[in-house]
Amino acid sequence: MYTEEKPQTEIFSENLRRILLDKNMSQSELSRRLNCSVPTVNAYCQGTSMPRAGMMEKLCQVLNVTRNDLIQERSRSEERRVGKECRSR
C-alpha cells in the first residue's frame, strides 16, 4: 500500500503543537522564551514557516526535546496511543 509522504512543514507543525499541548505551554509563552514574535511561533504551528538552524536549536532547548522529536513523523500507532493518553487526563 502506497501512502503519500507529508510535507516536512506539516510534520514539524503537528509535532510542535503536540509538544506545546503536552507541556501546557502557549504560543505566547514559547515566543517569550525564544525571544521572538508570537506571529513567528504561530507560523511554525500553522506549518507556514520552518525555523532556521539556530532557532531550531533554541526550540529544542526551551522545550527539552530532541530535533528528531520535532521533525520526525510519528507512527499511526504512536499517535493513537498518545491520543488516548491525552483524552484520559
Side-chain angles (χ1 to χ4, degrees):
M1 180 169 85
Y2 174 76
T3 57
E4 193 172 320
E5 289 187 31
K6 290 182 184 178
Q8 187 64 50
T9 54
E10 185 178 340
I11 294 168
F12 172 78
S13 68
E14 288 174 0
N15 289 339
L16 179 58
R17 289 191 312 262
R18 177 188 46 77
I19 291 166
L20 288 174
L21 183 64
D22 289 348
K23 295 185 178 292
N24 197 29
M25 185 183 297
S26 68
Q27 290 181 24
S28 67
E29 174 66 14
L30 180 60
S31 71
R32 187 185 65 74
R33 291 184 184 195
L34 294 173
N35 196 30
C36 70
S37 70
V38 174
T40 297
V41 172
N42 185 264
Y44 298 157
C45 289
Q46 295 301 314
T48 58
S49 180
M50 286 284 291
R52 293 187 179 179
M55 183 60 79
M56 182 70 81
E57 187 175 321
K58 284 176 74 174
L59 271 166
C60 291
Q61 290 172 354
V62 166
L63 297 172
N64 195 30
V65 297
T66 67
R67 187 175 188 274
N68 286 342
D69 291 333
L70 288 168
I71 64 170
Q72 285 187 341
E73 187 168 17
R74 297 165 64 96
S75 69
R76 293 279 185 222
S77 61
E78 188 176 8
E79 287 176 5
R80 282 192 297 270
R81 180 185 57 76
V82 170
K84 286 179 184 176
E85 288 173 4
C86 289
R87 285 190 297 274
S88 66
R89 288 184 188 175

Asker: Tell me, please, which residues at least two apart from Glu10 pass side chain to side chain contact (heavy atoms under 4.5 Å, CB included).
Answerer: Lys6, Pro7, Glu14
Asker: Determine whether Leu59 and Leu16 make a side-chain contact, defined as any pair of heavy atoms from C-beta on separated by less than 4.5 Å.
Answerer: yes
Asker: Flag yes if more than 12 heavy atoms outside Asn24 fall under 6.0 Å of its CG atom; otherwise flag no.
Answerer: no
Asker: The criterion is side chain to side chain contact (heavy atoms under 4.5 Å, CB included); which residues satisfy it with Arg67, sequence neighbours excluded?
Answerer: Met56, Cys60, Ile71
Asker: Does anything in residues 53-64 pair up under side-chain hydrogen bond (donor to acceptor under 3.5 Å, both in side chains), and if so which pairs, sequence neighbours excluded?
Answerer: none
Asker: Each residue besides Ile11 in its hydrophobic cluster should be listed here, by chain and number; the cluster joins Ile, Leu, Val, Met, Phe, Trp and Tyr at side-chain heavy-atom distances under 4.5 Å.
Answerer: none
Asker: Taking only residues two or more places apart in sequence or in another chain, which ones pass side chain to side chain donor-acceptor pair (under 3.5 Å) with Ser31?
Answerer: none
Asker: Please enumerate all residues that pass side chain to side chain donor-acceptor pair (under 3.5 Å) together with Ser37, with sequence neighbours excluded.
Answerer: Thr40
Asker: Can you hop from Val65 to Met25 via hydrophobic side chains spaced under 4.5 Å?
Answerer: yes
Asker: Evaluate the side-chain proximity of Leu70 to Ile19: yes if any heavy-atom separation is below 4.5 Å, no if none is.
Answerer: yes
Asker: If a pair satisfies salt bridge (Lys or Arg N to Asp or Glu O under 4.0 Å) and one of its residues is in residues 43-55, list it, with sequence neighbours excluded.
Answerer: none
Asker: Using a 4.5 Å cut-off on heavy atoms from C-beta on, say whether the side chain of Met55 contacts that of Asn35.
Answerer: no
Asker: For residues 41-48, tabulate all N or O donor-acceptor pairs below 3.5 Å that involve a side-chain atom, not counting sequence neighbours.
Answerer:
| unit_1 | atom_1 | unit_2 | atom_2 | d |
| --- | --- | --- | --- | --- |
| Asn42 | ND2 | Gln27 | OE1 | 3.1 |
| Thr48 | OG1 | Ala43 | O | 3.3 |

Asker: Quick test of your reading: applying salt bridge (Lys or Arg N to Asp or Glu O under 4.0 Å), list the pairs with at least one residue in residues 29-42, sequence neighbours left out, ordered by first then second residue.
Answerer: Glu29-Arg32, Glu29-Arg33
Asker: Look up atom CG in Asn15 and atom CG in Leu63, then write down how far apart they are to the nearest 0.5 Å.
Answerer: 11.5 Å
